[in-house]
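Proteins come first, then strands; the chains are lettered A, B, ... in the order of their sequence lines, and each starts at number 1.
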2 protein chains.
Amino acid sequence: MAIEAGYSGSSAAEIVGITYRQLDYWARTDLVRPSLEDARGSGTRRRYSYRDLLELKVIKKLLDAGLKLETVRSVFAYMKENLGEDVTTANLVIDGNKTVLIRKDAELIDLVKRGQGVLNILPLASVKDEVDAGIVDLPANVSSLALKREATGTHG
Amino acid sequence: MAIEAGYSGSSAAEIVGITYRQLDYWARTDLVRPSLEDARGSGTRRRYSYRDLLELKVIKKLLDAGLKLETVRSVFAYMKENLGEDVTTANLVIDGNKTVLIRKDAELIDLVKRGQGVLNILPLASVKDEVDAGIVDLPANVSSLALKREATGTHG
DNA sequence: ACCAGCCATCACACCGGCGTAGTTCGATCG
DNA sequence: CGATCGAACTACGCCGGTGTGATGGCTGGT
């Protein structure tokens, strides 16, 4: 029994609460690709990292908020670079076609006051919490192992 | 030369910056109907009130922010009742599937801090400003007249 | 009363974002 | 080493939200 690092496609989908078709479509259209192992034809399998799960969950929350997938795509051009350490404290703020990460409440308030267009604000802390909760709820085979390995930073 | 109250379909579309097809589609699907005069078959004409323009502009800004039209529809179930006097000062806040109008900054900050999901915030002052600017930019025939009549509350 | 212009309507097409069903592999287990 | 299984792939369809003409009825101006 080989040790399974990361999460399979269907596991990932279940954890973050999306359909497999969505996960598959997003992977094919380059929105979120599994960073541990990409698919190379039928028979192969995708392996998603914990961080991939965070990204997927962000997308789901943006979709739930009523954003178009197209918008999400442009957001992720920026996101992928800056979704770093401070995932627990920062707020993701979408201002028209610009996207920023904001850590201090004061800056956020400032933005809101100056706002001309629509601001979309997503607290990233809730994203991590919900992903973790989703992992615990799983049938518990692969996931607990994988979670430990990921959490201790041993996924490379 | 009869006095034309309100705005024709194509004028309204131009003022708020949308295509006629959008305006038409939204009218047919009950999102925003012209409140002065609805269409009754080809040959008839729609007449939009100033307030209709505000609603249309809100929709455009929400679309520009990347929201799905479907989301906008649910927002407007609430909006239509509460888009009242304080159009200049309030913020429209969409929290998941709930929509609220918030006037005080403090309340807004509170919401942002407690936020679990995505918040969409639209300052309504900018909506009025941009609609007014759009009206001035028009070929100036009907619009100036109509603006006066509407602004002084003489549209019923 | 006619003509021109405006605009609502109709018919058609298109594209993104999926859902559904069936097929085909590679991995794994016995 | 063969059977089974899970998942990636393919093909097809659907629906919402438009864009693009073409058509045809009002209406205002003369």
Side-chain angles (χ1 to χ4, degrees), chain A residues 1-34 36-48 52 56 59-60 62-64 66-76 138-139 141-143, chain B residues 1-34 36-48 56 59-60 62-74 76 138-139 141-143 145:
Chain A
M1 95 170 70
I3 294 180
E4 311 248 347
Y7 307 85
S8 72
S10 40
S11 295
E14 192 179 346
I15 289 173
V16 302
I18 60 178
T19 67
Y20 177 78
R21 274 314 267 118
Q22 288 181 297
L23 188 89
D24 183 46
Y25 180 68
W26 299 352
R28 290 169 187 279
T29 55
D30 249 344
L31 182 52
V32 176
R33 285 261 184 84
L36 298 185
E37 189 82 42
D38 207 348
R40 282 182 73 81
S42 133
T44 68
R45 298 182 179 196
R46 303 189 176 107
R47 308 285 338 167
Y48 288 86
D52 292 338
L56 292 172
I59 298 179
K60 179 181 169 40
L62 292 176
L63 289 185
D64 286 350
L67 291 179
K68 284 177 284 192
L69 194 60
E70 180 192 357
T71 311
V72 176
R73 287 188 200 278
S74 68
V75 168
F76 263 66
L138 263 212
N141 46 9
V142 169
S143 25
Chain B
M1 124 187 23
I3 295 180
E4 312 247 346
Y7 307 86
S8 72
S10 40
S11 295
E14 191 180 346
I15 290 173
V16 302
I18 60 179
T19 66
Y20 178 78
R21 274 316 264 114
Q22 288 181 298
L23 188 89
D24 182 45
Y25 180 67
W26 300 351
R28 290 169 186 279
T29 56
D30 247 345
L31 182 52
V32 176
R33 285 260 184 84
L36 298 185
E37 190 82 44
D38 206 348
R40 281 183 76 81
S42 140
T44 69
R45 300 185 180 191
R46 303 189 176 105
R47 307 289 335 170
Y48 288 86
L56 291 171
I59 297 180
K60 177 179 171 42
L62 292 176
L63 288 185
D64 286 349
L67 291 179
K68 285 177 284 191
L69 194 61
E70 180 193 357
T71 311
V72 177
R73 287 188 200 278
S74 67
F76 264 65
L138 262 213
N141 46 10
V142 170
S143 25
L145 264 176

Value in whole Å for how far the C1' atom of dC26(D) lies from CD of Glu37(B): 12 Å
Value rounded to 0.5 Å, distance of CG in Asp64(A) from CD1 in Ile59(A): 12.0 Å
Nucleotide dC15(C), atom P - distance to NZ of Lys68(B) in whole Å: 21 Å
Nucleotide dG17(D), atom P - distance to CG of Leu67(B) in whole Å: 13 Å
d(CD1, Ile18(A); P, dG17(C)) in whole Å: 14 Å
Nucleotides 18-25 of chain D: protein proximity per nucleotide (B base, S sugar-phosphate only, - neither; heavy atom, under 4.0 Å): BBB---BB
Leu63(B) vs Gln22(B) side-chain heavy atoms within contact, under 4.5 Å: yes
Sugar-phosphate only, base, or nothing, as touched by Thr29(A) at under 4.0 Å among non-hydrogen atoms: nothing
Contact under 4.0 Å: Arg46(A) side-chain N or O vs dC9(D) OP1/OP2: yes
Spacing of Leu31(A) atom CG relative to dC18(C) atom C1', expressed in whole Å: 14 Å
Interatomic distance, Lys68(B) atom NZ to Leu67(A) atom CG [nearest 0.5 angstrom]: 8.0 Å
Criterion side-chain contact (heavy atoms from CB on, under 4.5 Å) on Ile15(B) and Tyr48(B), from CA distance to verdict: CA-CA 11 Å; Ile15(B) 290 173; Tyr48(B) 288 86; over 6 Å; no
CA sep, side-chain torsions, deciding dist, call: Lys60(B), Leu56(B), side-chain contact (heavy atoms from CB on, under 4.5 Å): CA-CA 6 Å; Lys60(B) 177 179 171 42; Leu56(B) 291 171; over 6 Å; no
Whole-Å gap separating P (dA8(C)) and CG (Asp38(B)): 10 Å
CG on Asp52(A) to CZ on Arg47(A), rounded to 0.5 Å: 11.5 Å
dC7(C) OP1/OP2 closer than 4.0 Å to side-chain N/O of Arg47(B): no
